[in-house]
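Below: one structure, written as structure tokens.
Residue numbers start at 1 and run along the sequence shown. This is a predicted model, so every value here is computed, not measured.
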Amino acid sequence: METLLYTVPGMHCGHCEQAVKEEVSAVPGVDGVAVDLDTKRVEVRGESLDDAAIRAAIYEAGFEAA
């Protein structure tokens with residue numbers, strides 16, 4: 001199991017959190033996604049995680065990962 005951390009400065013509400021969770025959860029290999037709106041951090045857990053695919057999913061949700 002590996003963990004990747006992202007900062008997503010544009011998130012500010014529960015809708016933002018849900019959109020990011022849904023998109024990132026659909027990426028192959030992702031087992032779990034935790035979003036902290038206070039710190040603007042997204043923690044992704046899984047096996048053989050693809051950084052580019054996760055960043056693309058965050059973008060699809062309407063945000064950019066820093």
Under a 4.5 Å cut-off applied to non-hydrogen side-chain atoms, are V42 and V33 in contact? yes
Side-chain touch L37/H12, heavy atoms, less than 4.5 angstrom: no
How long is the span from the CG atom in L4 to the CZ atom in R45, to the nearest 0.5 Å? 11.5 Å
I need the T7 OG1 to K40 NZ distance, nearest 0.5 Å. 11.0 Å
Would you call R55 and D51 a salt bridge, using N to O less than 4.0 angstrom? yes
Side-chain (E2) to main-chain (S48) donor-acceptor, under 3.5 angstrom: yes
Sequence neighbours left out, what pairs pass salt bridge (charged side-chain N to carboxylate O under 4.0 Å, His left out) with at least one residue falling in residues 19-33? E17-K21
Could you pull out all donor-acceptor pairs under 3.5 Å where a side-chain atom in residues 57-66 meets a protein atom, sequence neighbours excluded?
none

